[in-house]
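Sequential numbering from 1 along the given sequence is applied to the chain's residues.
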Amino acid sequence: MWEPAATALEVAAVSPGARRRSAAAPRAGAATAQACACAPVEAVEPTGAATAPTSDAAVAVPTGTTAAAPVPAPLQGPAPRSGRCVGRAGHPGFHHCGWAGHTCGQPCHLAGAARNCNQRCSLPPGHDGRHECDSGNHLCAAACDLDGCGNLCIAPYGTAHDTHQCGEAGCPQQCALCHRRCAHPSHFHGRDEGEKHLCGEAHDCREPGSRKPRLCCADGACEIRSELQRETRRTFAGARGTFEYAYRTRQQAMRHATQHGNMEHSVFVARQAEVDVGERRYAVGETGIAETCDGFCAALGRGHVHVLPCDPSRCDRDGPSLVEGRRHVHEPYCTGGEAAEVDELTHDAYWEALGFECPCGEDQRASFRLCGAKCGSAAHDADPDNPHPGCVLPLWHEPVSASALPPELAGRAGHVTPGDHFVPCDHSSGEFGKYSITLILDRSGSMATPLAKPSSPLVRGSARFGPHLDNLLGTVYEAAHALMSMRRQRNGEDLISVVEFNTEACVRLELERLGAAPDAPRVLLERLLEHGSAEGGTLFAAGLRLAYNQLRDARSEGRLGRCRPVFLIITDSHTGTGATAAPDLGVDLSSAYLDAIMRKEAALPPQERLVLHLLGLGSQVNEQYLACLAAKGGGAHTVCPGGTGEEAAQQVLAAFGAVAERPDRRGALLPRARLAAS
């Protein structure tokens, strides 16, 4: 449900003379002309032959008024535009426009003091007692008592508790002897003097304060053994396949020289549930015993990263990173169990953190230091011996633009890709950057909320526009037109499709070329407005299933061309009403179904794989679940929490604009600071 920030309602001032006139006996059947005012006014006793109210229903009467007789029953739906009282002339009590949506609107008594507060009072105007919002779970706003934790207390606000504790389990500190996390189950382990942080694993004996191994203290010469590496053939049986691999016996090494064997003490983690290394297929959580360190890095190639458990003292989670080449990952990584908080490290930083020599040659290491982005133009497909050129900038470089190239790129042949990378090839007359964008729009009954309304003259001035589109759905159509216009300016060969869903799904637009006519976006907008209406429940999976079936058919028939498919799902995650109401977003779309889609996509070249974005509207959306789905789909997500009608519309337009600017982006559609400011 879309929840706006409540605004104070304007109350019409009533002069003493006006009060006297209102107390006079009105003409029978005459309608009052007073303005609606959700605040108490002096009670007026009816005199003469006043006509009885039209309904025996009553609304809450503010403190200080007289409820001698009921006022007209509140009307459901949008507030009347006139703002006039709907009661009979001379009715008692306060003036009411008949809309049931008025609330107090004053700040909640816990606003600013508790977390998870909806800020504004949701009780009727003029209620008794303190102002309360509709949040049923106010939380303590204090920081966790553990130094350096950074999380907030999860205790209910107002309940007595001696210790502020966040929801994180286990000690977050690093083992004193290695990079692993302390294995102690207590979050506050180490507060007492003398406590040691240990991971529970065995460690080699080293000199204090260094990584050097301790030397043998016995007199005489120590025995030194050396053996050749030997290979044996073994079979790996995993969730995604079975294959043979070479297992190497470990050669003893002096001073950590890394003549590596197999990665039998490592497991695969990734942002998605599946990992492909060359021709080998793995699932997250499986052992890396079939891979060798140097072979694994070589297979990942340029721009690859490694991960280690998050270390706040070394990464940039709470401030600037103290270690070059290490950054905190704010998107969840799949581990085969619970999602883990990890840091990403460049190839060089990873081996430095472990204290081992890099197993790869200098030429390979130089390639690993470069950005992994590559040119996506199909012009390179014709020459299999000339792979797609990669970005010439370092890994994790700042975005570049054609109008402001770094000094080292001045005069260099190449072009800037839509992903803000610089590749040493030119496709000024080619087909680079083409997309087939499918908007999967929620048109359930909850999208009819009038709390966000379109403002574009193209929408409001259309002959097909009416009250049924003066709402959140109309705002989404307005944002869709803005997206189509932006993409047409960037590449007129882009394709646009629109699938709408409530309890069922239907196709509104299918593979329409944005450059087919100068006014193509406006024509397509008119087609959306022609059939637009918000009704029914919400069945999230229906829209995704129909959109993917449409994509599959377009590929098989060759209608997609060189366009990369991009899905943008827009929903308020509301269940709708009636017997056909569907489960909410967290249940409606199973991860297994999306996993099945992405497994099919993984078999395609990277530039042809589907990118899935999700945009949630309102406070009922499960943002953590959106983030999980976006990570599986290789895309981005955001939630527009709402505010006033104008603020809500701006948030929706900004999210659509972010997709239009970079359809294959990942992470967050809008920055956190931007949402907070709204």
Asks: For His531, which residues count as a ring-ring contact (aromatic ring centres under 6.0 Å, His included) partner, sequence neighbours excluded?
Replies: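 Once residues adjacent in sequence are excluded, His531 has no partner under the ring-ring contact (aromatic ring centres under 6.0 Å, His included) criterion.
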Asks: By side chain to side chain donor-acceptor pair (under 3.5 Å), which residues pair with Ser462, not counting sequence neighbours?
Replies: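 Ser462: side chain to side chain donor-acceptor pair (under 3.5 Å) contacts with Glu526.
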Asks: Under a 4.0 Å threshold between the charged nitrogen and the carboxylate oxygen, would Glu510 count as salt-bridged to Arg559?
Replies: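 Yes, Arg559 and Glu510 are salt-bridged.
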Asks: Supply the atom-to-atom distance Glu478 CD to Leu483 CG, rounded to the nearest 0.5 angstrom.
Replies: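 Between Glu478 CD and Leu483 CG, I get 13.0 Å after rounding to 0.5 Å.
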Asks: Taking everything shown except Glu557 itself, do over 12 heavy atoms lie less than 6.0 Å from its CD?
Replies: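 Counting neighbours around CD of Glu557, more than 12 heavy atoms of other residues, nucleotides or ligands fall under 6.0 Å, so yes.
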Asks: For the CD atom of Gln650 and the OG atom of Ser455, what is their distance to the nearest 0.5 Å?
Replies: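 Reported value, rounded in 0.5 Å steps: 8.5 Å.
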Asks: How long is the gap from CG on Leu524 to CD1 on Ile496, to the nearest 0.5 Å?
Replies: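 Result: 8.0 Å between the selected atoms.
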Asks: Go through the steps to decide whether Leu614 and Thr571 satisfy the test side-chain contact (heavy atoms from CB on, under 4.5 Å), and finish with yes or no.
Replies: CA-CA 8 Å; Leu614 295 103; Thr571 180; over 6 Å; no
Asks: Which residues pass the ring-ring contact (aromatic ring centres under 6.0 Å, His included) test with His481, sequence neighbours left out?
Replies: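 Once residues adjacent in sequence are excluded, His481 has no partner under the ring-ring contact (aromatic ring centres under 6.0 Å, His included) criterion.
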Asks: In terms of the angle between their ring planes, are His421 and His397 parallel, tilted or perpendicular, with boundaries placed at 30° and 60°?
Replies: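 The rings of His421 and His397 stand perpendicular, inter-plane angle above 60°.
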Asks: Taking ring-ring contact (aromatic ring centres under 6.0 Å, His included) as the definition, give me every residue that meets it alongside Tyr282, ordered by chain and number, with sequence neighbours left out.
Replies: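 Tyr282: ring-ring contact (aromatic ring centres under 6.0 Å, His included) contacts with Phe236, Phe243, Phe268.
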Asks: Thr335 vs Val267, test: side-chain contact (heavy atoms from CB on, under 4.5 Å). Steps then yes/no.
Replies: CA-CA 8 Å; Thr335 63; Val267 296; over 6 Å; no
Asks: Just to verify, what does Glu274 make a salt bridge (Lys or Arg N to Asp or Glu O under 4.0 Å) with, not counting sequence neighbours?
Replies: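 Testing Glu274 for salt bridge (Lys or Arg N to Asp or Glu O under 4.0 Å), a comparison that skips the adjacent residues, returns Arg240, Arg599.
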Asks: From His468 NE2 over to Asp470 CG, what is the distance, rounded to the nearest 0.5 angstrom?
Replies: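 One finds 10.5 Å between NE2 of His468 and CG of Asp470.
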Asks: If you measure from the Lys or Arg side-chain nitrogens to the Asp or Glu carboxylate oxygens, is any gap between Arg555 and Glu601 under 4.0 Å?
Replies: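 Salt bridge between Arg555 and Glu601, a charged N being under 4.0 Å from a carboxylate O: yes.
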Asks: Calculate, to the nearest 0.5 Å, the distance between atoms NE2 and CD belonging to His330 and Glu344 respectively.
Replies: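 If we round to the nearest 0.5 Å, His330:NE2 and Glu344:CD are 10.5 Å apart.
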Asks: So, using ring-ring contact (aromatic ring centres under 6.0 Å, His included) as the criterion, who are the partners of Phe567 when residues are at least two apart?
Replies: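 Partners of Phe567 under the ring-ring contact (aromatic ring centres under 6.0 Å, His included) test: none.
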Asks: Starting at NE2 of His613, measure out to OG1 of Thr638 and round the result to the nearest 0.5 Å.
Replies: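 It is 12.0 Å, given to the nearest 0.5 Å.
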Asks: Could you please spell out the steps behind the side-chain hydrogen bond (donor to acceptor under 3.5 Å, both in side chains) verdict for Ser497 and Gln550?
Replies: CA-CA 9 Å; Ser497 302; Gln550 177 182 313; 3.1 Å; yes
